[in-house]
Colleague: 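Would you mind keeping the following structure in view while I ask a few things?
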Amino acid sequence: MYRFLLSRQWVILTLVALVLIPTMIELGFWQFHRHERRVAQNTLIADNLKAAPVPVEELTSPGHVVPRADYWRRVTATGTFDTAHEVVVRRRTSSDDRVGAHVLTPLVLEDGRIVLVNRGWVPGAADQRDYPDVPPAPKGEVTVAGRLKADETTGASGIKDLKGLPDRQVMLISSRQQAELIGREVLGGYIEQTDPDASGGSPEQIAEPDHDSIGAHMAYAVQWWLFAAGVPVGWIVLVRREKRDRENGTADGTTAAGDGGDGDGDGEPDGAAPEATQEDGSAIQATSPR
């Protein structure tokens, strides 16, 4: 009764099920690993935001690539802003999803080296090729506090580093790129300013990164694993149903083939008149009396 499993339809169905099971299991682990990374990142952000601030020179230097362990570390820097080499980073959104730009201003440290400071978000100009209205940076010596971030790359951010942009406009925050433009040593990474507050609230400082939400990755992982478990269960249910339908079909066919008699075993149809025979053995059809 299970020979139907060798039919083309069932072979294809079984192969599809065998492919779906490991695929769904793998998708479940993919979501599970994303959950683990999100939890680890939340822990890293929370720990680094709680750590005591340190001078930025202790964590980075010219050409230095900021390691992930130092992302969002609280740092301080003392110097004077170089507004002549200030640039804006295009196509950045505010906390309420308005499109504008980030203001990137070099801060000249006491030893002459430079650290880039992201002073915050400003609305874009009406014509995106125009330089937006940027409030001036504080004059004189200033101490800036903020969060240390790594240089942005296309691979990590998904943002293309477009060429041929208007003067003083960039797509990515890159200390190496700014060092070439300024002609001086620039510390790797940049500071996301949190203090002092901008006069008049502009530029709008960047909000603290979210480190409480873990997303729905774990729920998605469980769903994929349940789907994977449901595939063989569904396959078994379909096989048993097909077997039952075939058994019922065979039983019905046998009964139909056995019908056609009156149940007495004499082979005579109900209501038929018996034949009479003459003495010479020839049959005479009996007729009913009128």
Side-chain angles (χ1 to χ4, degrees), residues 30-60 64-77 87-107 115-124 134 137 143-161 170-178 186-198 201-221:
W30 172 60
Q31 289 289 352
F32 177 70
H33 293 322
R34 293 188 68 185
H35 168 77
E36 287 186 319
R37 287 194 296 270
R38 185 64 177 269
V39 171
Q41 176 170 297
N42 288 349
T43 302
L44 174 65
I45 295 173
D47 291 344
N48 284 352
L49 291 179
K50 292 177 183 177
V54 298
V56 68
E57 299 94 330
E58 293 185 11
L59 297 180
T60 184
H64 178 72
V65 177
V66 177
R68 189 166 187 82
D70 288 337
Y71 285 14
W72 303 284
R73 281 289 303 273
R74 296 169 60 200
V75 294
T76 60
V87 298
V88 293
V89 190
R90 294 160 55 99
R91 300 180 186 176
R92 300 303 169 105
T93 56
S94 65
S95 57
D96 55 358
D97 294 330
R98 290 175 294 158
V99 178
H102 283 173
V103 181
L104 192 65
T105 310
L107 182 70
V115 62
L116 301 176
V117 178
N118 185 346
R119 294 201 289 130
W121 180 90
V122 294
V134 177
T143 297
V144 172
R147 300 178 287 264
L148 180 63
K149 298 290 292 293
D151 287 334
E152 296 177 342
T153 63
T154 297
S157 66
I159 302 173
K160 293 183 178 180
D161 191 11
V170 297
M171 295 300 300
L172 296 169
I173 302 177
S174 169
S175 61
R176 188 184 304 273
Q177 185 182 78
Q178 293 305 308
V186 178
L187 304 187
Y190 65 97
I191 298 176
E192 206 170 67
Q193 182 177 333
T194 59
D195 189 70
D197 292 332
S202 183
E204 179 184 310
Q205 291 185 352
I206 300 170
E208 183 177 284
D210 176 26
H211 55 278
D212 294 323
S213 173
I214 60 174
H217 301 302
M218 192 62 190
Y220 293 150

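The residues of the chain are indexed from 1 along the displayed sequence. Source: prediction; values computed, not measured.
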Colleague: Given Lys149 and Ile173, is the side chain to side chain contact (heavy atoms under 4.5 Å, CB included) satisfied, shown in steps?
Modeller: CA-CA 10 Å; Lys149 298 290 292 293; Ile173 302 177; over 6 Å; no
Colleague: Distance check, rounded to the nearest 0.5 Å: Glu208 atom CD versus Glu192 atom CD?
Modeller: 10.0 Å
Colleague: Within the structure provided, determine whether Gln193 and Pro203 are in side-chain contact (heavy-atom separation under 4.5 Å).
Modeller: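 SC-SC contact between Gln193 and Pro203 ruled out.
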Colleague: Calculate, to the nearest 0.5 Å, the distance between atoms CD and CG belonging to Gln177 and Asp151 respectively.
Modeller: 9.5 Å
Colleague: Test of understanding: with side-chain hydrogen bond (donor to acceptor under 3.5 Å, both in side chains), list the residues that count as partners of His64, not counting sequence neighbours.
Modeller: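 Not a single residue meets the side-chain hydrogen bond (donor to acceptor under 3.5 Å, both in side chains) criterion with His64.
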Colleague: Look only at the side chain of Asn118 and the backbone of Ile191, and say whether a donor-acceptor pair between them is shorter than 3.5 Å.
Modeller: no
Colleague: What do the steps show when you test Arg91 against Ile159 for side chain to side chain contact (heavy atoms under 4.5 Å, CB included), and what is the final call?
Modeller: CA-CA 10 Å; Arg91 300 180 186 176; Ile159 302 173; over 6 Å; no
Colleague: To check you understand the geometry: which heavy-atom pair defines the closest contact between Pro53 and Thr76, and what is its length?
Modeller: CB-CG2, 4.1 Å
Colleague: Please tell me if the side chains of Gln205 and Asp197 come closer than 4.5 Å, counting only heavy atoms from C-beta onward.
Modeller: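 Gln205 vs Asp197: side chains touch.
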Colleague: Ignoring hydrogens, what is the shortest heavy-atom contact between Val66 and Gly188? Give both atom names and the distance.
Modeller: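 Distance-wise, the nearest heavy atoms are CG2-O, 3.9 Å.
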Colleague: Compare every heavy atom of Pro209 with every heavy atom of Ile45, then report the nearest pair and how far apart it is.
Modeller: CG2-CG, 3.7 Å
Colleague: Give the minimum heavy-atom separation between Val87 and Val170, together with the two atoms involved.
Modeller: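 Between these two residues, the closest heavy atoms are CG2-CG2, 4.2 Å.
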Colleague: So, do His211 and Leu49 sit near enough that their side-chain heavy atoms are less than 4.5 Å apart?
Modeller: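 His211 reaches Leu49 side chain to side chain.
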Colleague: Quick check: closest heavy atoms across Val122 and Ser202, and the distance to 0.1 Å?
Modeller: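 Reported closest heavy-atom pair: CG1-OG, 4.0 Å.
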Colleague: Looking at every non-hydrogen atom in both residues, tell me the closest pair between Asn42 and Ser213 and how far apart they are.
Modeller: ND2-O, 2.9 Å
Colleague: Go through Leu44 and Arg68 one step at a time and tell me if the side chain to side chain contact (heavy atoms under 4.5 Å, CB included) criterion holds.
Modeller: CA-CA 9 Å; Leu44 174 65; Arg68 189 166 187 82; 4.0 Å; yes
Colleague: Do NZ/NE/NH1/NH2 and the carboxylate oxygens of Glu58 and Arg73 come within less than 4.0 Å?
Modeller: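 Answer for the salt bridge query: no.
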Colleague: With a 4.5 Å limit on heavy-atom distance, are the side chains of Val56 and Leu148 in contact?
Modeller: yes
Colleague: So does Tyr71 have more than 12 non-hydrogen atoms from other groups sitting under 6.0 Å from OH?
Modeller: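 It does: Tyr71 OH has more than 12 such atoms within range.
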Colleague: In terms of heavy-atom contacts, does CZ of Arg176 have more than 12 from other residues, nucleotides or ligands at under 6.0 Å?
Modeller: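 Not buried by this count: 12 neighbours or fewer within 6.0 Å.
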Colleague: Run the side-chain hydrogen bond (donor to acceptor under 3.5 Å, both in side chains) test against Glu36 and tell me which residues pass, sequence neighbours left out.
Modeller: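 For Glu36, the residues satisfying side-chain hydrogen bond (donor to acceptor under 3.5 Å, both in side chains) (neighbours in sequence not counted) are His33.
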Colleague: Could you tell me if the side chain of Met171 sits less than 4.5 Å from the side chain of Lys160, heavy atoms only?
Modeller: no
Colleague: Should Arg98 and Trp121 count as side-chain neighbours, where that means a heavy-atom distance under 4.5 Å?
Modeller: yes
Colleague: Quick one, His217 and Phe32 - any side-chain contact, counting heavy atoms below 4.5 Å?
Modeller: no
Colleague: Report yes if some heavy atom in the side chain of Ser175 is under 4.5 Å from a heavy atom in the side chain of Leu187; otherwise report no.
Modeller: no
Colleague: Is any side-chain N of the basic residue among Glu152 and Arg92 closer than 4.0 Å to the acidic one's carboxylate O?
Modeller: yes
Colleague: Hey, are Thr154 and Asp161 close enough side-chain-wise for a donor-acceptor pair under 3.5 Å?
Modeller: no
